[in-house]
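Residue numbers begin at 1 in each chain, while the letters A, B, ... track the order of the sequences.
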Amino acid sequence: MICQECNERPAALHFTNYTNGEKTEMHLCERCAQEKGELFMMNQGDGFSINNLLAGLLNIEPAFPKTKQSTFHQEEVIQCHECSMTFPQFVKIGRFGCANCYETFKEHLSPIIRRLHSGNAKHNGKIPKRIGGNLHLRKKIEELKLNLKDLISQEEFEQAAEMRDQIRSLEKELTDYQGGGN
Amino acid sequence: MSLERFISQAVSSWMSADGPDSDIVLSSRIRLARNLSEFTFPTVFKNEEAKQVSETIEERLNNEAFSDKSQLEFLKMDDIQPLQKRVLVEKHLISPHLAENSTHGACLLSENEEFSIMVNEEDHIRIQCLFPGLQLSEALKAANKIDNWLEEQVNYAFDEQYGYLTSCPTNVGTGMRASVMMHLPGLVLTQQMNRIVPAINQLGLVVRGTYGEGSEALGNIFQISNQITLGKSESDIVEDLNSVVSQIIAQERSAREALVKTSNIQLEDRVYRSYGVLANSRVIETKEAAKCLSDVRLGIDMGYIKNISKTILSELMTLTQPGFLQQYAGGPLRPNERDVRRAALIRERIQMETQNELGG
């Protein structure tokens, strides 16, 4: 097999990447692999394959033809007002310029994020204490409401009543919080 | 410098300490990616802004003690020698990207090197905790503690829908990458890795060898980590990884048992040949050293070799990398000189073991 980078020397390193069952292969000779940098030699971080393949993945999004057809502007490109990154730039390098980019590119982002995270598009993990504000409370209430449903379906009414009281007190806390927050 | 002193300075706690299932799992790592809301990401930020990020973090963290026990050291990439950086990379304390391509990059190191905080890597902040053996939950706990402490000092970029905002969309959400380094000679020798790797991939986890993927891993050491960071909680991600790792451990153990049953003498021969190479060679390349170290470690785990401590694999895999060899030599070395140095260091290290044995 010939190296796919220089098309000269025989390939010595074979990379296979599986993402959700999709297989991508790379075949490189030792020299090209070395030129690709230390990423091949170090197994740190996200590695070579993901980030390089990412740009290709993002490119599939047919987000652009629509805006290009606009008759008012010759080329309407979405641009982040905080860091001036444009959507095509983001697609090209596969990285955001700042936190605000998530808001700026919101419309086109959801399918990309879903594809990267097995269909997930909502954070379900840790919430920072200070910045998360009342998000903690709301999450907790959501969780307890789910528990309450379970308890009712299992006919554990005594525990369900306790749960209901707990939810009420948390909801009160939430309205107090919102009242005090303005 | 004597080898003993060099090693004691070079070895991080995860390499020398014992952890659960450490016959197969060498280390567990948790990495959290965080960004400050008031600055643009390292993807686009200019020199001045990068400096501000670094200064902000240094300042805030200097004022606030993390814990009474642990002293933190703030290392600026611009202030340290290339060789020192390389050594930090080889110890997995910082990434190659931080060492070579960051602007005003820095890292905070804990004294025992159990955790490090990278500043201005791909994200403003990357917290990393490294534990020996299979201790993902413990590492997560430690990382969370650092994360909470940091959150009190700086403003994180956080979004209700997308969670912690990261410069790469593959990290958004929890910003967490959990990984374990596993020594799997049994599965490689019985040629089961080619079957297992795709199965692990289908579960949303990634398998990497030190040099790439599949059966070509250096020293039979594989890194397994989560692929998805959004939509699952940190503890769920860790639990999922834990359960897959436990299954791999069981498979590796049964592969080792099968090897002993079917080809005991061949296995013993392989172990002792490799031991002979390590104890006697005068020139040795990385790849051969890694293979032999893996065999010897397997020999220790299986009870063939008794007088050598089992930390030898992770220790020497780290110490025989180019950066460390050059630091030990006290200057730059050409590749063929490194091979000579590597052989000498390994011989000396093995002698140290047998002398300890005689002395004790």
If you measure from the Lys or Arg side-chain nitrogens to the Asp or Glu carboxylate oxygens, is any gap between D147(B) and R34(B) under 4.0 Å?
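Looking at D147(B) and R34(B), the cut-off is met.
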
Salt bridge between E239(B) and K232(B), side-chain N to carboxylate O under 4.0 Å?
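Here E239(B) does not pair with K232(B) in a salt bridge, since their nearest N and O are not under 4.0 Å apart.
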
Determine whether the aromatic ring centres of H183(B) and F222(B) lie less than 6.0 Å apart.
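H183(B) vs F222(B): aromatic centres not under 6.0 Å.
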
Less than 6.0 angstrom separating the ring centers of F96(A) and F41(B), yes or no?
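No - the distance between ring centres of F96(A) and F41(B) does not fall below the 6.0 Å cut-off.
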
Quick one: what part of [X] sits under 4.5 Å from any heavy atom of chain A, side chain, backbone, both or neither?
X	value
N155(B)	both
S179(B)	neither
T166(B)	both
D236(B)	neither

Highest number of heavy-atom pairs under 4.5 Å with chain A: which of [options]?
options	answer
G163(B), S167(B), A157(B)	S167(B)
D159(B), T229(B), L203(B), V44(B)	T229(B)
N35(B), N148(B), L36(B)	N148(B)

Spatial distance of atom CG (N120(B)) from atom CD (E49(B)) [nearest 0.5 Å]
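If I round to the nearest 0.5 Å, the distance is 9.5 Å.
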
Side chains of T104(A) and F90(A), heavy atoms from C-beta outward: is any pair under 4.5 Å?
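A side-chain contact is absent here, since even the closest heavy-atom pair is not under 4.5 Å.
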
Under a 4.5 Å cutoff for heavy-atom pairs, which residue among C98(A), A99(A), A121(A), G119(A) has the most contacts with chain B?
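Option with the top pair count is C98(A).
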
